[in-house]
Amino acid sequence: MNKILYSCIAEVKRAIRNPYYVLWSLLIPVCFYIIFTKVFTFNDNAADQALWEAHYLMSMAAFSVMGSSVMTVGIRLVQDKQQGFITFLKVTPLPEYVYIISQMVGQSVIHILSIVVIFFAGALLNDVSLMAMQWVLSGVWILFGSLVFLALGTLVGTMNKVETASGVSNILFLGLALLGGMWMPLNAMPTLLQDIATWLPSYHYANGPWEIIRGNSPAWNNIFMLIVFLCLFMVLSVYIRRKQEGL
Amino acid sequence: MEDTIVYAHKLSKTFKQKEAVRNVSFSIAKGEVVAMLGPNGAGKTTTLSLVLGLLKPTKGKVQVFQQPPQSMHVRERIGVMLQEVRMMDGLKTKEMLQLFRSYYPNPLALSEMIALTGLADADLTKKVEKLSGGQRRRVNFAVCLAGDPDFIVLDEPTAGMDTTSRAKFWKTIHHLAERGKTILFSTHYLQEADDTAKRIILLHQGQKIADRATEEIKHQLSRQYVSFRLNGKLNRAKLDMPDVLAIEEREERIYLETKNTDALISYIMQHFSNAYDLRIDKGSMDDVFETLVQGSREK
C-alpha cells in the first residue's frame, strides 16, 4: 500500500513542477476564456451572454483537464520508456501498473487545482454565478470524466518515440477539443460536424457540465458513451502493453 | 542448492535471425563476485537481461533465488544498475532515493546509501535531471542499493565514469563483497575483472568460452616471455627445443614464448655467450584475453 501512496505523492510533485503545466493547463484556457467571452461576443441579449459565459467556462475547464490528461501522461510515459526507466522498474518491486496508476492519480490531484483556478477565473472575470451544487457537480464530473482521457494518455504512452507521441497527442487533443465543441458552440458548426461530435468522447465529456449549468442533469447517453470509450482505451492500452511485453 | 543465487541453464536468445546468446550455462553461489567479461557485442548485456528476466530466453531456463527472475521475491532482493537509465525527472535526488526505499521491505538507511555512493549534500537537493552524467551514475548506484540487496547486478557500471569515481566505485563494491553480497557485473575492461572478481565468465560472440577462477585463468593461460638482445646473428636452430613455444624478433630484441622461464634463462646463459640484457615478461590480462578469444576461434 505504501508503494502506491508514495508513488502518487511523487507523481503530484512531478506534475506540479512541470513547466508546461502552468502554460497549457492554466494560462491558455484562461486566455481563451477571456478572448471568447470578453473580446468577441456573439450574443445580443444579456441572458444569453450570461449563459454563454457559464457554458464556455465549463468548456475551458474540460479543455484544460482533457489536455493535461492526454498530453502529460502520454508523453511522460513515452519519455520514461525511451530513457530506460520503464525497463528499470521491472527489476524493482514496483509493478508497472502501479506506476501508471500513480501517474493517473497524481495527474488527477493536479486537475483539482486546474478546475478550481479556472472556475475562480470565471467567477471573478465574468461574475459567473451558479448554485453551489452546480459548481460542485460540474467539477466532480470534469474530474472523474477525465479518466477516459487519462486512459487515452496511457494508450499514447505505448508509443516508442517522444516525437511521435507528442505529435499524435497534440492532434488528438486539439482535434477532440475542436470537434467536440469546446472551442466554439456546436450549433455554430455545420450539421456534418455536429453529427461527428456525438461520436466523440470530448463532446460527451463537456456536455455533462453544459447540461448541469442549464439546470438539467447530464444525459445517460453521455455517461454510457464515456464508459464505452474508457473501456475501449483501457483494453487497447493493456492489449498493446501485453504484446510489447512478449518481446 | 540453498546457496545457489543464479542458475542459468543452456540459455539462448535470438533476435530476428541473429543469435545474441548461444547455449550459455552457469550458476553463481552465495557470496561470489563474478565478472562477465567480453568485448562489445559479446552478449553480456543480453545475458544479464535474461538473468534479470527483462528478456525471455528463446531456449533454456534461468532462476534467481530458486525462482523465476520476474517474481516479486526476486525483485525485492536484487539491486540492479543497468546501462543508460535516466531516472524520473522533476524529483530531487533525495526525494527519489526515499521513494525507491519505500518500495522495499528492508531498505538501506538513507545515510548509508549516501555514504556508500559518495553523493554530496549539494547533489541531494538538486533535481535529478540537473545532475551531470557522473553524478547520475552515482544516483543510479544509490537506487540500486536502496533495498539493501543480497544480489547485485551491474551492467558495465563504470562506463562514463572518470578515474577517481571509478576507484571509489570499486572500493565500495569490495566493501559490499566483504559484507557477503553476491555480485555479478559485466565489463570489457580486463583490469576491472582482474581486480575485483574472484571468478570470470568470458563471453565471445554469444558463447561462454571460459568460466574459471580469475587466478586460474591467468595462470593457465598467461604467456611468459624471455627476451634478450644479441651481438651478432641469431642461430635459430639452437633454440629448437620444447621449452621454446615461439620465437619473435622485434625492435632488436628476441622474444621467446615459454612456460618455463627459469630453465630457458639458464639455457641461454650457457649457449649464447653473445646474449645480453635478459628480461622476463609476464603476460598481462590482455594477453590472456587474446589467447582465449583466439582459442575459441580456432575451435
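Letters A, B, ... mirror the listed sequences (proteins, then strands); counts begin at 1. Computed over heavy atoms, backbone and side chain alike; hydrogens, waters and symmetry mates excluded.
- Contact annotation for Gln82(A): neither backbone nor side-chain heavy atoms come within less than 4.5 Å of a heavy atom of chain B.
- Across all their heavy atoms, Asp89(B) and Gln79(A) have their closest contact at OD2-OE1, 4.2 Å.
- Within the 4.5 Å cutoff, side-chain heavy atoms of Arg14(A) are placed close to those of Leu91(B).
- The residues Arg17(A) and Glu95(B) are annotated as salt-bridged, a charged nitrogen and a carboxylate oxygen being separated by less than 4.0 angstrom.
- With contacts defined as side-chain heavy-atom distances shorter than 4.5 Å, the pair Val91(A)/Leu54(B) qualifies.
- Chain A forms the most heavy-atom pairs under 4.5 Å with one residue out of Gln70(B), Gln83(B), Lys127(B), Gln98(B), and that residue is Lys127(B).
- Under a cut-off of 6.0 angstrom, the local environment of CZ in Arg86(B) is sparse, with at most 12 non-hydrogen atoms contributed by other residues, nucleotides or ligands.
- For Glu112(B), the CD atom is densely surrounded, since the number of other residues' heavy atoms within 6.0 Å is greater than 12.
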**Request:** Show the numbers, then the answer: is there a side chain to side chain contact (heavy atoms under 4.5 Å, CB included) between Tyr103(B) and Asn2(A)?
**Result:** CA-CA 8 Å; Tyr103(B) 297 159; Asn2(A) 275 356; over 6 Å; no
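- Only the side chain of Leu99(B) comes within contact range of chain A, with at least one heavy atom under 4.5 Å from a heavy atom of that chain.
- Annotation: side chain of Lys3(A) is not in contact with side chain of Ser102(B) (no heavy-atom distance under 4.5 Å).
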**Request:** Could you walk me through whether Thr92(A) and Tyr104(B) pass side chain to side chain donor-acceptor pair (under 3.5 Å), step by step?
**Result:** CA-CA 8 Å; Thr92(A) 72; Tyr104(B) 293 90; 5.2 Å; no
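- Residue Asn140(B): no heavy atom, backbone or side chain, is found under 4.5 Å from chain A.
- Using a 4.5 Å cut-off on side-chain heavy atoms (C-beta onward), Phe85(A) and Met87(B) make contact.
- Residue contact with chain A, scored on non-hydrogen atoms closer than 4.5 Å, is absent for Val74(B).
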**Request:** Evaluate the criterion side chain to side chain contact (heavy atoms under 4.5 Å, CB included) for residue pair Thr87(A) and Val85(B); output intermediate values, then yes/no.
**Result:** CA-CA 8 Å; Thr87(A) 308; Val85(B) 171; over 6 Å; no
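- Residues Met88(B) and Tyr99(A) have side chains in contact (heavy-atom distance under 4.5 Å, counting atoms from C-beta outward).
- Counting heavy atoms from C-beta on, the side chains of Lys90(A) and Leu52(B) never come closer than 4.5 Å.
- Separating the CE atom in Met72(B) from the CG atom in Leu94(A) is a distance of 8.0 Å, to the nearest 0.5 Å.
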